[in-house]
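Everything numeric here is computed off the predicted structure, so don't read it as measured data.
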Amino acid sequence: MQIDFTHCPGGVADKDELHTSFFSDTALAVQRLRQLEKASFSRVLIDDAGGLLANMDLASLTLRSTQSIGVLVSHWPGIVAPVVAARQFAALDQLGAGRLALRVPPSRDLRETNDDSGLVATLGRTDEYLTLLKRLWSNAQPFEHEGLFYRIHGGFVPMKAADGADISLQLGGLSGTALKIAGRHANQFELPVGSFDDTRRLIERVKAAAEPFGRTQRIRFSLPVLVGEGEQAWQIGGASERAVAALAGFVELGVTDFIVHGLDDADAIAAFGREVIAVVRKAFRRHEPTVAQRRNQKVVLRQVV
């Protein structure tokens with residue numbers, strides 16, 4: 001079983017005691033990224049308040065500064081047209097040689113409405129948007145599309161690999177409609193903070209939603225965890241042995257990726273990689289797929305949707 005760890009940049013104290021992401025300092029960012037790579041983190045989450053262009057720049061910096069670490073870029077559907085987004089991300093995927101993944105958070109619109117019809121319409125737009133991205137990344141010829149939310153004439157992404165752009169999508173959500181969309185599109189489902197029982201039940205719901213699309217075995221599960229104290233993520237503070245035991249419990253439930261918050265000190269990153277990442281992976285290495293199996297999985301993912 002492949003166990004991944006995604007680093008979420010938090011903050012470092014500057015001279016004015018403010019806390020900013022290490023990405024605010026290019027030299028520090030390159031240093032931290034290489035430390036994360038050395039500590040065997042799989043990916044780094046890029047979710048800058050500056051929006052898509054800022055995120056693209058930071059993703060490019062990460063891919064150019066490292067050799068193996070991937071980038072998980074947050075992108076809200078509808079911010080830019082599907083063809084524009086598909087071309088930008090395909091180019092970035094080429095740069096990273098397949099190290100790019102997209103995190104699709106709930107639309108900003110959902111934060112401002114309690115209207116069920118508005119929720120369904122917004123999620124419907126997300127569904128159509130993701131369908132178009134995947135089609136643009138895979139099709140060899142231009143196509144026409146006229147849907148409820150988008151119209152495309154001669155849709156095509158020329159700058160992509162010969163067999164298409166293989167870009168993983170990470171989604172979340174709790175409503176029935178959100179789970180259906182995740183079941184159809186997600187390569188990875190982002191679980192909210194919850195108990196073991198809550199996590200187990202939600203995993204079962206996601207798999208049930210994926211079943212009609214034949215994707216039950218193709219969705220991996222991600223969980224946010226916090227190193228230290230706080231209220232926004234599941235905490236793994238304390239001795240590394242307890243942290244390993246807690247994470248292993250979630251792995252047994254089906255979680256295969258942990259989004260790690262609160263870890264920005266260089267020594268702490270190295271210790272986490274040595275005492276937690278390496279130990280958890282070793283415990284589940286017997287389930288690790290072979291290189292040939294991974295390649296076969298990629299071939300399946302590149303099929304036209």
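Distance CZ/F89 to CD/Q94: 15.0 Å, rounded to 0.5 Å. Between the NE2 atom of H75 and the CD atom of Q170 there is a distance of 15.0 Å, given to the nearest 0.5 Å. Interatomic distance, NE2 of H7 versus CG of L72, reported as 13.0 Å (0.5 Å rounding). Between atom CZ of residue F22 and atom CG of residue L28 there is a gap of 7.5 Å, rounded to the nearest 0.5 Å. Rounding to the nearest 0.5 Å gives a distance of 4.0 Å between CZ of F41 and CD1 of I277. Residue L263 holds its CG atom at 9.5 Å from CZ of R32, rounded to the nearest 0.5 Å.
Between F5 and F272, the two ring planes are perpendicular [angle over 60°; tilted spans 30° to 60°].
Of the possible polar contacts, one joining the W137 side chain to the A86 backbone as a donor-acceptor pair under 3.5 Å is found. Under the 3.5 Å distance criterion, the side-chain polar atoms of R218 are left unmatched by any main-chain donor or acceptor of Q188. With T62 contributing its side chain and L58 its backbone, the two residues share a donor-acceptor pair below 3.5 Å. Looking at R215, its side chain does come within 3.5 Å of a backbone N or O of G183 through a donor-acceptor pair. A side-chain donor-acceptor contact under 3.5 Å links R205 to the backbone of L174. Although no hydrogens or angles enter the test, the distance criterion places a donor-acceptor pair under 3.5 Å between the side chain of N187 and the main chain of L169.
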Requested in this report: Determine, step by step, whether R99 and S68 satisfy the side-chain hydrogen bond (donor to acceptor under 3.5 Å, both in side chains) criterion, reporting the C-alpha distance in whole Å, the side-chain angles of both residues, the deciding distance to 0.1 Å, and the verdict.
Outcome: CA-CA 8 Å; R99 289 187 281 153; S68 62; over 6 Å; no

Task: Residue pair H185, Y129: steps toward the side-chain hydrogen bond (donor to acceptor under 3.5 Å, both in side chains) verdict - done: CA-CA 11 Å; H185 297 293; Y129 190 90; over 6 Å; no

Exercise for the section: Quick one: do S195 and D198 satisfy side-chain hydrogen bond (donor to acceptor under 3.5 Å, both in side chains)? Show the steps, please. Expected result: CA-CA 5 Å; S195 67; D198 291 338; 3.2 Å; yes

- Task: Could you give me the CA-CA distance, side-chain angles and deciding distance for Y150 and R125, then say whether side chain to side chain contact (heavy atoms under 4.5 Å, CB included) is met?
- Result: CA-CA 8 Å; Y150 297 101; R125 184 179 65 187; 3.4 Å; yes

Item to complete: Verify salt bridge (charged side-chain N to carboxylate O under 4.0 Å, His left out) between D257 and R43, making sure each step is shown before the conclusion.
Response: CA-CA 10 Å; D257 173 58; R43 302 184 300 186; 3.4 Å; yes

Mind running side chain to side chain contact (heavy atoms under 4.5 Å, CB included) on F23 and N55 for me, showing each step along the way? CA-CA 10 Å; F23 277 115; N55 284 338; over 6 Å; no

Item to complete: Take E211 and T216, measure what side-chain hydrogen bond (donor to acceptor under 3.5 Å, both in side chains) needs, and give me the verdict at the end.
Response: CA-CA 5 Å; E211 187 173 5; T216 302; 5.2 Å; no

For side chain to side chain contact (heavy atoms under 4.5 Å, CB included), just list the numbers for V255 and L191, CA-CA rounded to whole Å, side-chain angles, deciding distance to a tenth of an Å, and then say yes or no.
CA-CA 9 Å; V255 176; L191 299 159; 3.8 Å; yes

Chi angles and distances behind the side chain to side chain contact (heavy atoms under 4.5 Å, CB included) call for V157, K160: CA-CA 7 Å; V157 174; K160 60 188 177 187; 4.2 Å; yes

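Summarising the geometry of E128 relative to G147, their closest heavy-atom pair is OE2-CA, 3.3 Å, with the distance given to 0.1 Å. The two residues S40 and R281 come nearest to each other via the heavy atoms O-NH1, 2.8 Å. Contact between R135 and E144 at its shortest, heavy atoms only, is NH1-O, 4.1 Å. Looking at every heavy atom in both residues, G155 comes nearest to L136 through C-CD2, 3.7 Å. Nearest heavy atom pair, residue I167 against residue A101, reads CG2-CA, 4.3 Å. Closest approach of H261 to P224, counting heavy atoms only: NE2-CB, 4.0 Å.
Other residues, nucleotides and ligands contribute over 12 non-hydrogen atoms within 6.0 Å of the CD atom of Q31. Counting non-hydrogen atoms of neighbouring residues, nucleotides and ligands closer than 6.0 angstrom, the CD atom of Q141 reaches no more than 12 such neighbours.
Counting heavy atoms from C-beta outward, D264 and Q35 have side chains that stay 4.5 Å or more apart. No side-chain heavy atom of K38 sits less than 4.5 Å from a side-chain heavy atom of I269. No side-chain heavy atom of V251 sits less than 4.5 Å from a side-chain heavy atom of F221. Side-chain atoms of M56 and L92, non-hydrogen and from C-beta on, do get closer than 4.5 Å to each other. At a threshold of 4.5 Å between non-hydrogen side-chain atoms, the residues P105 and W76 count as touching. Proximity of H145 to T131: side-chain heavy atoms (C-beta onward) are nowhere separated by under 4.5 Å. Between L45 and S74, some side-chain heavy-atom pair lies under the 4.5 Å cut-off. Side-chain contact check for V30 versus R34: some heavy-atom pair is nearer than 4.5 Å.
The residue from L132, T177, I181 that alone fulfils the side chain to side chain contact (heavy atoms under 4.5 Å, CB included) condition with D127 is I181.
Ion pairing between a basic and an acidic side chain is recognised when a charged N comes within 4.0 Å of a carboxylate O; R220 and D4 show such pairing. Ion pair R103/D47 flagged as a salt bridge, since at least one NZ, NE, NH1 or NH2 atom sits closer than 4.0 Å to an Asp/Glu carboxylate oxygen.
In the hydrophobic cluster analysis, where Ile, Leu, Val, Met, Phe, Trp and Tyr join through side-chain heavy atoms closer than 4.5 angstrom, V206 is grouped together with M1. In the hydrophobic cluster analysis, where Ile, Leu, Val, Met, Phe, Trp and Tyr join through side-chain heavy atoms closer than 4.5 angstrom, V73 is grouped together with L95. Under a hydrophobic-cluster definition in which Ile, Leu, Val, Met, Phe, Trp and Tyr are linked whenever side-chain heavy atoms come within less than 4.5 Å, directly or via other members, F143 and V83 are assigned to the same cluster. Linking Ile, Leu, Val, Met, Phe, Trp and Tyr whenever their side-chain heavy atoms come within less than 4.5 Å puts V279 and V225 in one cluster. Note on V104: it does not cluster hydrophobically with L53, by side-chain heavy-atom contacts below 4.5 Å among ILVMFWY residues.
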